[in-house]
Number of protein chains: 2
Amino acid sequence: MDNESKKITINDVARLAEVSIKTVSRVINNEPNVRASTVKKVLAAVDSLNYQPSSFARSLAGTMTFNIALVYSNATPSYIYEVQSGALEACKKWGYELIIHPCDHTRPDLPTEFVSMYDTRKVDGILLTPPMCDSLELTQALENQGLQFARLQPGDPTASNSPFTGIDERAAARELVRHLIDFGHENIAIINGDPAHGAAFLRMQGYIDAMDEAGLPRPDEYVQQGMFDFESGRKCSETLLTLDKPPTAIFACNDAMAAGTMQYALKKGLKLPQDLSIVGFDDSPTAERLWPALTTVRLPAQELAKHCTDSLIAGIRKQKPEKLMGSCSYEIILRDSVAQNAQHV
Amino acid sequence: MDNESKKITINDVARLAEVSIKTVSRVINNEPNVRASTVKKVLAAVDSLNYQPSSFARSLAGTMTFNIALVYSNATPSYIYEVQSGALEACKKWGYELIIHPCDHTRPDLPTEFVSMYDTRKVDGILLTPPMCDSLELTQALENQGLQFARLQPGDPTASNSPFTGIDERAAARELVRHLIDFGHENIAIINGDPAHGAAFLRMQGYIDAMDEAGLPRPDEYVQQGMFDFESGRKCSETLLTLDKPPTAIFACNDAMAAGTMQYALKKGLKLPQDLSIVGFDDSPTAERLWPALTTVRLPAQELAKHCTDSLIAGIRKQKPEKLMGSCSYEIILRDSVAQNAQHV
DNA sequence: TTTCAAATTGACAACGCTGTCAATAGAAAG
DNA sequence: CTTTCTATTGACAGCGTTGTCAATTTGAAA
């Protein structure tokens, strides 16, 4: 324990290493053109003194803030928690701080708000979560201002050439619906997600892919528009299950809506999964706690966020990211909410 | 829109207001001994220029960092999300930034880790969430170092004279168990939470209060030790429900364990709530999504965190907090997981 | 050996604010 | 109308870095 420890500055390190403070600064920042032997000397001094550069001074004097903003709007707590954990990991690796910035994605002055964070030098870049990563208006505004950002789970990666990370939502949804079909279901409905989310579109496409491949009909009334929340899941399932010819399986585009569906069905007295098979998407904590436990696809949000943040910072520092990738692998989690179609021949 | 806008500094404001930069600084920081008319002039200049002080320069030059750390360990995502939202609100109000700091509460060098955040001037204070708010070793170490902190939901508020906020967990638990008793239950078991959490102790006390008041027996085997997680809820309920004389109602000390209990019971073929009444604690998002929807007590985590953070910052700034209070009100949320005891006379 | 460009290093002035302390203005007292 | 005290204001030196640019050293070519 160091008692009476004054704050260690770059001057102390410079003195101990017998170089100028500028050279210490160069070493700290990995700048080129420093003799290897000098680097060694400085590094030795740094950790002998346990020196930690003052981020305030660095930000004030330099051009970087070493801060990244995580912006989210209208979010699922557990999703944000995972995203944040991943982003934090990447930030730690690079020595960045994560600024948490909840906002409202429907506000028209969002671009201004973000650009201002950048102009006032609060952050060096922004991590855009859904649905903001899908707003062309927003991403283009940011691009025009030369603001660095990365997109988590964008519906259309090519909508911007900023870094992005996601899973192949379309393929995952297709595979999930295919699973239902394999269980003999033919009347499969979908509860779609908030159209502001690109993911909603992709999941719907996956549904279409699987149904069309199997040559199954997709009547209009089997396509319900939800909003990714529990309540909309309930409402949509009510509509579906009171149809003359109700579906025997429902693909809810996320777990929250699947939970709503499940609760409605149970309340109505249906036996699950015998009378109705349900699948969700996300593998949220709730999924395994329901009964029957929900079959869903695991969205590795933490991993995605980590790589996305890593790419963002790498871009800012003009270095290579850990892994060059826009896509992570997903996993279908088989649980108890799907059964063989009883009406099947 | 300001095109070509250079960064506005305190100098610009001083020039416009025709005062020295020091006077602007005084106004910005609400320091005393500035003539009212001067304050007005400066304030006018400030918002005419839309001036935002540089937090870096402020932190570098002054003694405050304007940062608060939110530390958590081993946490429930939705709980942390709520806490964070509340803390963020309070921070915004005071112009502080929230530093998110996940950690491991079992590490022996936690005190050192926190003190170091303070010594290296990363933060001005720390918001301690459960179970860290209950570690005497930790709080005393922080107190000895003169580090400012506040405790969210401490088991024993008097364990430190630092600010704290919570609900009356004991009374809430008592009321909840009372509810079960009112429904004719006599064989009521409890699945206790992680003993590292003071809240677990208080909830248990509430159970004891209610049972003793009603003159009901509390056999040892009706008291199971859980860990606040889903899995432990399952395990404990298995033990309880395979007893010779199983309980007709179970008080799980949080919703996650209640969900585990519910899933086990359902899997076993019990009819809920007819065969078994279950109550939880927290009112987590999962609670309303289960079927039957869970009767529980609403823990206003966001509100608690907001006030706790407010008190923390107020203490740091040596000002009065918005509300002087250690306790918020809770609410019993009646849903569908409790039924009249069928075995009752 | 001499020469010259490139590599390496350092001196010093910002960066935008606060702390200290001295200067000034205003109010109360004589 | 002075004098004294206090409220108000300003000048200036940091805070701990990085950016700029000049100085010095090095290495290879001449």
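By convention in this document, chain letters (A, B, ...) are assigned in the order of the sequence lines, proteins followed by strands, and residues within each chain are numbered from 1.
Rounded to whole angstrom, the span from the CG atom of B:Leu60 across to the P atom of D:dC15 amounts to 9 Å. Atom CG in B:Asp12 sits about 11 Å away from atom C1' in C:dG16, given to the nearest Å. Remark: P of C:dG16 and CZ of A:Arg58 are 18 Å apart, rounded to the nearest angstrom. When rounded to the nearest whole Å, the span between NZ of A:Lys41 and P of C:dT8 equals 14 Å. With rounding to whole Å, A:Phe56 atom CZ is found 17 Å from D:dG14 atom C1'. Atom C1' of nucleotide C:dG16 and atom NZ of A:Lys122 are separated by 15 Å, given to the nearest angstrom. The interatomic distance linking A:Glu18 (CD) with C:dT9 (P) rounds to 13 Å, in whole Å. Residue A:Arg317 contributes atom CZ, which lies 10 Å from atom P of D:dT18 at whole-angstrom precision.
For A:Thr38 and C:dT9, the shortest distance from a side-chain N or O to OP1 or OP2 is below 4.0 Å. Between B:Arg26 and the phosphate of D:dT8, there is no side-chain N or O to OP1/OP2 separation shorter than 4.0 Å. For B:Asn11 and C:dG16, the shortest distance from a side-chain N or O to OP1 or OP2 is not below 4.0 Å. OP1 or OP2 of C:dG10 lies within a sub-4.0 Å distance of a side-chain N or O belonging to A:Ser20.
With no hydrogens or angles considered, a side-chain donor-acceptor pair links B:Glu143 and B:Ser160 at under 3.5 Å.
Taking the side chain of B:Glu31 as heavy atoms from C-beta on, and the options C:dG16, C:dG10, C:dG19, the nearest nucleotide is C:dG19. Taking only side-chain atoms of A:Asn33, from C-beta outward, the nucleotide of D:dG19, C:dC17, C:dT8 with the closest atom is C:dT8. Between D:dT8, D:dG16, C:dT18, one nucleotide has an atom nearer to the side chain of B:Arg35 than all others, and that is D:dT8. Residue B:Ala57 places its side chain closer to C:dC17 than to any other of C:dC17, D:dC15, D:dT18. Side-chain atoms of B:Thr23 lie closest to D:dG10 of the nucleotides C:dT8, C:dG16, D:dG10.
Between B:Arg107 and B:Glu113, at least one side-chain nitrogen of the basic residue sits less than 4.0 Å from a carboxylate oxygen of the acidic one, meeting the salt-bridge criterion.
Relative orientation of the A:Phe114 and A:His101 rings is perpendicular, given thresholds of 30° and 60° on the angle between their planes.
For the pair A:Thr23 (side chain) and A:Val19 (backbone), a donor-acceptor distance under 3.5 Å is absent.
Comparing A:Ile21 and B:Ile8, the nucleotide of DNA chain C nearest to each residue sits closer to the 5' end for A:Ile21. Between B:Gly62 and A:Asn29, it is B:Gly62 whose nearest contact on DNA chain D lies nearer the 5' terminus. Projected onto DNA chain D by closest heavy-atom contact, B:Val19 and A:Val24 fall at different nucleotides, the more 5' of which corresponds to B:Val19.
At a threshold of 4.0 angstrom between heavy atoms, the contacts of B:Tyr51 are confined to the sugar-phosphate backbone, with no base atom among them. Contact annotation for A:Thr63: backbone-only contact, meaning every heavy-atom pair under 4.0 Å involves sugar-phosphate atoms and none involves a base. Contacts of B:Pro53 with the nucleic acid, taken as non-hydrogen atoms under 4.0 Å apart, involve only primed sugar atoms and P, OP1 or OP2.
More than 12 non-hydrogen atoms from other residues, nucleotides or ligands lie less than 6.0 angstrom from NZ of B:Lys93.
Because its NZ or CZ atom is not both nearer than 6.0 Å to the ring centre of B:Phe56 and within 45° of the ring axis, A:Arg121 does not count as a cation-pi partner of that residue.
Looking at A:Lys22, its side chain comes within 3.5 Å of the base of D:dG19 through a donor and an acceptor atom.
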